[in-house]
Amino acid sequence: MKRRVAILISGRGSNMAALIEAAKAEDFPAEIVVVISNRADAAGLEKAAANGIPTAIIESKPFGKDRAGFEAMMQRVLDEKQVELICLGGFMRLFTAEFARRWYGKMLNIHPSLLPCFPGLDPHGQALRAGVKLSGATVHFVIPETDAGPIVMQGAVTVADDDTPETLAARVIKIEHRIYPEALRLLASGRLKLDGDRCRTLGSGATDATLIAPAP
Ligand code: GAR
């Protein structure tokens with residue numbers, strides 16, 4: 001049985017689209033049963049609908065600081081759709097600790113940096129200001145703290161001296177679209193095991209793969 005997944009978005013939804021595409025494969029262990037947006041103008045909503053995925057809009061703005069009220073509405077949709085796993089795809093709304101705890105181990109997020117470096121806003125600007133030579137993207141389990149939680153998968157790219165936040169973002173987003181479906185595959189097929197603050201992957205071993213920048 002495929003695991004039932006909700007994707008939560010606030011905008012463009014390119015990670016959502018990558019997950020929807022991956023889930024079309026017959027052997028993919030999860031199916032996307034609903035896309036929920038907290039903004040009516042999220043461009044991703046149309047993409048989801050075009051793929052035949054049911055969508056729901058729950059505007060968060062009217063709830064103001066009442067996060068629990070907003071989450072109760074969302075939980076109703078998640079219950080109706082019998083959702084088992086949640087993927088956040090550029091969902092720009094913080095959760096209450098209660099909601100994060102309720103979904104602990106079942107809710108993934110993607111962030112465009114090699115966490116724990118550069119959480120929060122402007123990760124690419126943060127990376128460039130820090131002068132790192134490698135950056136990338138991280139899929140992690142959601143905990144109450146923003147862009148933190150057990151790391152499931154990371155992918156790295158090289159950073160060039162003349163990179164701007166935009167050119168770096170363009171390189172990192174390609175990695176995001178590769179690792180998010182793979183991370184969901186691992187979760188949905190039961191290969192992830194939480195061990196305190198760490199996430200272990202059953203059946204994975206070390207490789208000799210390396211990425212060095214600047215190229216020697
Ligand atoms: C992605 O780059 C994602 O990693 C980032 O928002 C973008 C959403 O793009 N998420 C965060 O920064 C979370 N802190 P998308 O709507 O095209 O998937």
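Both counts, for ligands and for their atoms, begin at 1 and track the order of listing.
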Check your understanding: Do L211 and T158 pass the side chain to side chain contact (heavy atoms under 4.5 Å, CB included) test, and can you show the C-alpha distance, the side-chain angles, and the key distance before you say yes or no?
Key -> CA-CA 8 Å; L211 183 58; T158 58; 3.9 Å; yes

For [atom], the protein heavy atom that lies nearest, with its residue and separation:
| atom | value |
| --- | --- |
| atom 5 (C) of ligand 1 | P112 CD, 3.7 Å |
| atom 15 (P) of ligand 1 | S14 N, 3.4 Å |
| atom 9 (O) of ligand 1 | R12 NH2, 3.2 Å |

Check your understanding: Which option, H177, H111, E176, owns the non-hydrogen atom nearest atom 11 (C) of ligand 1?
Key -> H111

**Study point:** From the candidates G90, A137, S113, G120, the one that places a heavy atom nearest atom 8 (C) of ligand 1
**Key:** G90

Exercise for review: State if I110 counts as touching ligand 1 under the rule of any non-hydrogen atom under 4.0 Å.
Suggested key: yes

Check your understanding: Applying a strict 4.0 Å limit to heavy atoms, is G13 in contact with ligand 1?
Key -> yes

Point to revise | Heavy-atom pair of closest approach, residues T138 and S113 | key: OG1-O, 2.6 Å

Review point. Going by atom types only, do H177 and S14 share a side-chain donor-acceptor pair under 3.5 Å?
Key: yes

**Study point:** R93 to F70, cation-pi by 6.0 Å centre distance and 45° axis angle
**Key:** yes

**Study point:** Spacing of N109 atom CG and I143 atom CD1 [to the nearest 0.5 Å]
**Key:** 11.0 Å

Check your understanding: Per the side-chain hydrogen bond (donor to acceptor under 3.5 Å, both in side chains) rule, which among R4, R3, K2 passes with E84?
Key -> R3

Check your understanding: Just which atoms of ligand 1 are under 4.0 Å from any heavy atom in I173?
Key -> 2 (O)

Exercise for review: Would you mind running through ligand 1 and noting each atom that sits below 4.0 Å from a heavy atom of D147?
Suggested key: 13 (C), 14 (N)

Check your understanding: When you measure from the side chain of R67 to the backbone N and O of F95, does any donor-acceptor pair fall under 3.5 Å?
Key -> no

